[in-house]
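Keep in mind that what you see is a predicted model, and the values were worked out from it rather than measured.
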Amino acid sequence: MNVTLLTLYFLLTVICNFRSSVCQALVLEIGETVQILEKTEGPCYSLFNTSALSIQQGIFPASYVHLKKSTVSNRGLCETVVPLEDPIITETTSTLQEWGVLWKQLYVKHKVDLFHKLRHVMNELIDLRRQLIQGHLAQDQTREIKRHITVRLDWGNEHLGLDLVPRKEFEMVDPDHISVSELYKLHASSRHSGQPSTNQGDSMRQRHGDGCHVPVQHHLFINLKSFTYNTISEDADVFFSLYDTRDNKQISEKFMVRLNKNGGPKNPEKVDRLCALFTDLSSKDLKRDLYIVTHVIRNGRMLLNDSKKGLPHVQYRRPYGCAVLAMSDVFHTITDLKEEKDFVLKVYTCNNENEWFQIHENIIRKSSTKYSAPSTNYGLIISLQLLRGELDQIRRENQAVFSRALAITRKLGFPDVIMPGDTRNDLYLTLERGDFERGGKSVQKNIEVTVYVLYADGDTLKDCISLGSGEPNTSEHRSFVLYHNNSPRWSEMIKLPIPIDRFRGSHLRFEFRHCSTKDKGEKKLFGFAFTPLMREDGTTLSDESHELYVYKCDENATFSNQGLYLSMPCCKEDFNSCPNLPSTLPFQRNSKETFWVSTQLCSTKLTQNVDLLALLNWKAHPDRVLDILGQLRHINGEEIVKFLRDVLDTLFCLLDDNTDKYGPLVFQSLVFIINLLRDSRFYHFRPVMEAYIQNHFAGALAYKELIRCLKWYMDRSAEVVRQDHIQEAMRALEYLLKFIVQSRILYSRATCGMEEELFRASIQELFQSIRFVLSLDSRSSETLVFTQAALLNSFPDIFDELLQMFTVQEVAEYVRGTLGSMPSTVDIGQSMDVVKLQSIARTVESRLFFFPESRSILLPVVLHHIHLHLRQQRELLICSGILTSIFSIINTSAMESSVQEEVEMMVESLLDVLLQTLLSIMSKSQSLETARGQRCPQCTAEITGEYVSTLLSLLRQMTEVHFHHLLNNFHSKEELKEFLLKIFCVFRNLMKLTIFPRDWSVMRLLTSHVIVVTTQYLSPALHKNFSEADFDFKVWNSFFSLTVLYINQPSLQLEPLTQAKRKNVMDKYGDMRVMMAYELFSMWQKLGENKPHFIPGMMGPFLGVTLVPQSEVRNIMIPIFHDMMDWEQRQNGNFKLVEAELMDKLESMVSDGKGDGNHRELFGLLLLEKIEQETWRETGISFVTSVTRLMERLLDYRECMKGDEMENKKIGGSSNLMNFYKSEMNKEEMYIRYIHKLCDLHLQAEDYTEAAFTLLLYWELLHWEDRPLREFLHYPTQSEWQRKEGLSRKVLHYFNKGKCWEYGISLCRELAFQYETLYDYQSLSWIRKMEAAYYDNIIEQQRIEPEFFRMGFYGRKFPFFLRSTQLSVYLAMFTLTRGLRPADLCGDPSVRHY
């Protein structure tokens, strides 16, 4: 069989479990990934090597795997095969595999709630992953799927205690491709949310630094499910609208539903499609006192109780009922966005039709006498759903809703956000009320109003009347009829969507008819009214109530020639404007009858403003131009943005016509319009302005006047007290420069570049004025502060415009001069200080700063300002944001040669002050934690994290050259020493303080990597400058403390990690503990004659390093102890100091869970090998043997003390270690400690006699003397006599509880002798009585005789203290009264008994 060695990389996914008895067969689980190494030519097996979860090799059938395209990262010793698929899919796969193991553990640990939640989330992830793999999604859908996946991944990782994954655009970031500061920001943002969604508008506002907030649009979805009624047997029209009770007005159009007499839709095609979307609701609208108001109008007989049978001859629209629903109840019920809930609306009927126009208000006010309540089974059932966002986005996300013939119901008037291109031309007409004569009738009339929209030629405009969304438009509208009412109040609103080209010349005609209730049911015309839609001056009907004249007519009247009545006045204002009316008119006005209507125009093409029309037609009134320009500021902003292009054309036309006369006013008007676009309602018109400048603006000479006016405003800032107009000009600086630059481009294009030098000189003068404004002392003038702030806010926005006319270097010079003119932090207030830094921040984020040639110019002045702020500890957060942006740019430009110079510049300017700032912040944080006082804003974890990441970013960018320059530029060794102490101290604090949360593994590992690399660069300088004669203990000690802390930090301990995670860390960074251990060992060797300074001080820390469970670290560090022994032997002739220190530290560290059997063996092996060549070999071997034996017993003791071990096993281990300290180590203090530990174990087991005998061991070490003893364990500072007396009483107490009175009698006699010697008769009496009681107890109390067993333990299975080097017999005593079996001592029933 031929075997082919593959050099290409293939990654395969296991698609079926595989088990085989074949030799070298690889066990496979479904979902695992394997990497191919060799492939056979036979049909059965292939040779592969798994690379994901385990490092094994073997063979298996090729049919059990699926081939995936892949690539190789980290080529070399630690290369990784990565599949060529969407990173989200790869992450989801690996995460699900990891969760699968932990999910089963949740069940074992009885965490049932999290178990079920995690299973649900895992199923969701599997489904979402499947959709991504299929690849049949649109781009927006793919983005939404990825968002859902990342939210679930982050939720699961958080609840399972796994690492936080930093993301950018939903994908895991590679720390090598971004700066440390950016990585910190991503961690911070990922900790609180899945992935914040941004849109183009948001990014544009961030780029421009605009403070305006674009409101979020809200939408209300209504679905009419049923209308149940039992009193109407006629068709009905149902109208829904939104009503504001605070302002007593309707705020939306109406949604109309036509129902048949059975309550179903009149149009069968609309079954299950009776739904509408009320759009363009702002957050302010939702805070109003809103109600959903529903009016029901029936179509049929005049009276419901009419006894006539059959269908009526004439249909009347008659009011029936009304229902309301408070939106506050809706918000209380619907808690989640997009949640749909059902509501029932009771329909109330009106008791008096005269009150119909305000029945909804009566119901809301609960004026129950004016309406009648329905029966319980009578009303409307609707479902409501709240949606949020842009309408196009909602349409994409809710396609099922929009596919149901959804009726878009708009807000009356313009929404809070007016979008360019949103063309509307709607006139909302409300039939308010009327006053009519009885006309000789015995009863009042039943009046119906018919509305027509007619064009100038007399033709009726087709389909220009809308009763409500959801139903098609009509050509006429008949109002509902109020029974027997000569003064009807309808308050009925309709919409007139009239085409813009038909608006001028069109008019409305209202025909009034009396509806008879006689048999024929006739409708008789008795009058009419009319009104034109547009005035003669070109304005439309104003938004107000209009009182119209009513003219008499009858059924025979003809309206074929509308000119007959259009020549007549339609209202009082019209009458006053027509003084020369003929005496005879075609129609006679009834002076006793009037008709009121109100209108509201919502048009992007028409205007009601006379001043705006006068401006657009200025040539007709040239003498009024100055007044018209002065009135421009008072025109509604909606009107201006509707005609933005026309207004701008007019302004620049005026400027060209007479610059001297109109120039200042045109400039003011232009500033007003530019600032108008800063309003959140009109923010989306900024692209319209930019498109105008680029494509339609034609003012080639305008730049001269604009520069002149702008400079004039700035130069007057030092003189004028009121500076509102100057501040507005400063806020408009961006678009003024756009106009100036585009004007200059047009002029240059027309004249082939003439007057170029004059233009450059004018720009130079303009920047001199800018610098003048910024250099003014504003501490005594609040208005000047606002002017400077407005200028600084707008200043970064002009860079892109200047780059069109000047080179990058020239613009950078302009900016540098301006930033340099700003006063220092000492000379300005705090508020101005913030604005200045924000302007610098936006300068750094601008496109100008991305050019290397401009960065070399701007970076020094930026660093200068940051250095001043850091030195004074002011505005630290803003400064850190600026530095983050700088490092981000430098990181993306790492391949450019200029970056090295920029890093050098930053090192010289910032490194020292960054270290000082961090030390200050950390010290304040520590003091606050200790004092637990008030929270200081400059000492939060956020600021600490920001500056740690900033420092790490700088150190990461530094190369060997940078470190060489840095270390060689110190003027003295004292300065170098101070720097090294600072940076070592900062590094130590990074590992001691909780700077980054535990789950920020990526950030912690990168921090450790930067520290070890930096330490490797700094250690040669330490050796070179502070060794031998110039030795400095403080610096060296700081270095060794840092290395020890570094190796022991929890984030670097790879052993507890899963195999996959450990492999990822090793592939990326290697084992950084080994790297630092080599550095530590190398520096120790370079100490030479100065090693004794760290003996025995560093014994404990170095021992802690050797206890790290990493064999290579132990191999590096253990020989250092031979070095210490050797130096101690040379100086003192022995190494008792080393021995004592090592023994003390070893006990505490092993008790803390450090160390293992491998360390014990390696410690003895390496040291014995080193000692073999020494003259003090015998004492050395004895020392090493003692240490290893101690370590063996400590490890046994630790194992015995684990919770699962038997109590007697713990007691045996404690006894063994206690005796070892006494007999072999002669460590009295440790011996006493373990006496008390053994005593506590006996007390826990209620072995009081054993506890008493154990304490007697300490009692025997004490004497009846007055020698003072220090505080020790739980004993206070006291004399030796007092401590022995206290022990005696405690031992007696334990003997008494254990019923072992015989042994207590001798102790009573000892105490009695001491009391008698001191003449303490009171205590003597007490002890004699106790002795007597003991005798009584021996005689009277009944005790069970104990039984004894002899046991032997054979083999290495038992702990060290239970076995010997030979097969020996161990004698132990047990009391059956304790309920113990003999085998309980070892926990093994196979123990042999004798």
Side-chain angles (χ1 to χ4, degrees), residues 6 9-40 42-72 79-109 111 114-116 118-130 132-134 149 152-153 156-157 160-163 165 172 1054-1067:
L6 297 178
Y9 290 90
F10 294 97
L11 202 64
L12 302 104
T13 302
V14 179
I15 58 177
C16 183
N17 293 342
F18 175 68
R19 299 284 190 281
S20 175
S21 58
V22 176
C23 182
Q24 300 298 322
L26 192 63
V27 177
L28 299 179
E29 294 286 343
I30 188 170
E32 289 182 341
T33 55
V34 292
Q35 177 186 339
I36 186 173
L37 293 181
E38 299 174 2
K39 184 177 180 181
T40 66
C44 296
Y45 290 92
S46 300
L47 179 61
F48 290 88
N49 171 38
T50 62
S51 61
L53 298 178
S54 60
I55 309 300
Q56 300 175 2
Q57 291 189 3
I59 59 174
F60 56 87
S63 58
Y64 278 69
V65 293
H66 169 69
L67 183 64
K68 299 172 70 173
K69 296 180 180 179
S70 58
T71 185
V72 178
E79 60 188 21
T80 306
V81 181
V82 182
L84 286 175
E85 60 185 3
D86 194 313
I88 292 290
I89 296 176
T90 306
E91 182 190 359
T92 306
T93 305
S94 60
T95 303
L96 285 172
Q97 290 174 343
E98 186 175 9
W99 286 5
V101 177
L102 300 175
W103 175 62
K104 297 171 185 176
Q105 295 175 5
L106 292 176
Y107 186 82
V108 174
K109 296 176 181 178
K111 297 182 178 180
L114 183 57
F115 173 82
H116 291 295
L118 188 63
R119 179 178 64 179
H120 177 70
V121 171
M122 290 172 71
N123 287 331
E124 288 183 328
L125 284 172
I126 291 172
D127 182 62
L128 293 169
R129 175 180 176 273
R130 175 185 55 78
L132 270 187
I133 291 176
Q134 288 176 345
I149 288 177
R152 284 155 178 78
L153 289 176
N157 287 336
L160 292 173
L162 301 177
D163 295 335
V165 179
M172 291 189 299
L1054 305 180
E1055 289 72 26
L1057 303 181
T1058 62
Q1059 193 168 2
K1061 185 176 178 181
R1062 190 185 314 137
K1063 182 178 183 301
N1064 290 337
V1065 176
M1066 291 294 293
D1067 288 348

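- The distance from atom CG of Leu106 to atom CZ of Arg119, rounded to the nearest 0.5 Å, is 12.0 Å.
- Taking OG1 from Thr95 and CG from Asn157, the interatomic distance works out to 6.0 Å, rounded to the nearest 0.5 Å.
- With sequence neighbours left out, the ring-ring contact (aromatic ring centres under 6.0 Å, His included) criterion links Phe115 to Trp103, Tyr107.
- With sequence neighbours excluded, the residues that form a side-chain contact (heavy atoms from CB on, under 4.5 Å) with Asp163 are Ser1001, Lys1061.
- One finds the CZ atom of Phe18 at 6.0 Å from the OH atom of Tyr64 (value rounded to the nearest 0.5 Å).
- Here Arg1062 pairs with nothing under the side chain to side chain donor-acceptor pair (under 3.5 Å) rule; sequence neighbours left out.
- Not a single side chain to side chain donor-acceptor pair (under 3.5 Å) links Asn17 to another residue, sequence neighbours left out.
- A search for side-chain contact (heavy atoms from CB on, under 4.5 Å) contacts involving Ser94 returns nothing, not counting sequence neighbours.
- Each of Leu162, Ile88, Thr92 was scored for a side-chain contact (heavy atoms from CB on, under 4.5 Å) with Leu153, with one residue passing: Thr92.
- For the salt bridge (Lys or Arg N to Asp or Glu O under 4.0 Å) condition, the pairs that include at least one residue of residues 22-31, sequence neighbours left out, are Arg19-Glu29.
- Every residue two or more places apart in sequence or in another chain was checked for a side chain to side chain donor-acceptor pair (under 3.5 Å) with Lys104, and none qualifies.
- Atom CD1 of Ile133 sits about 11.0 Å away from atom CG of Leu128, to the nearest 0.5 Å.
- The CG atom of Leu118 sits 5.0 Å away from atom CG of Leu160, with the distance rounded to the nearest 0.5 Å.
- With sequence neighbours left out, Gln134 forms a side chain to side chain donor-acceptor pair (under 3.5 Å) with no residue at all.
- By the salt bridge (Lys or Arg N to Asp or Glu O under 4.0 Å) test, Glu91 is found to be paired with Arg167, residues two or more places apart in sequence or in another chain being considered.
- Residues Leu125 and Trp99 are in side-chain contact: their nearest non-hydrogen atoms beyond the backbone lie under 4.5 Å apart.
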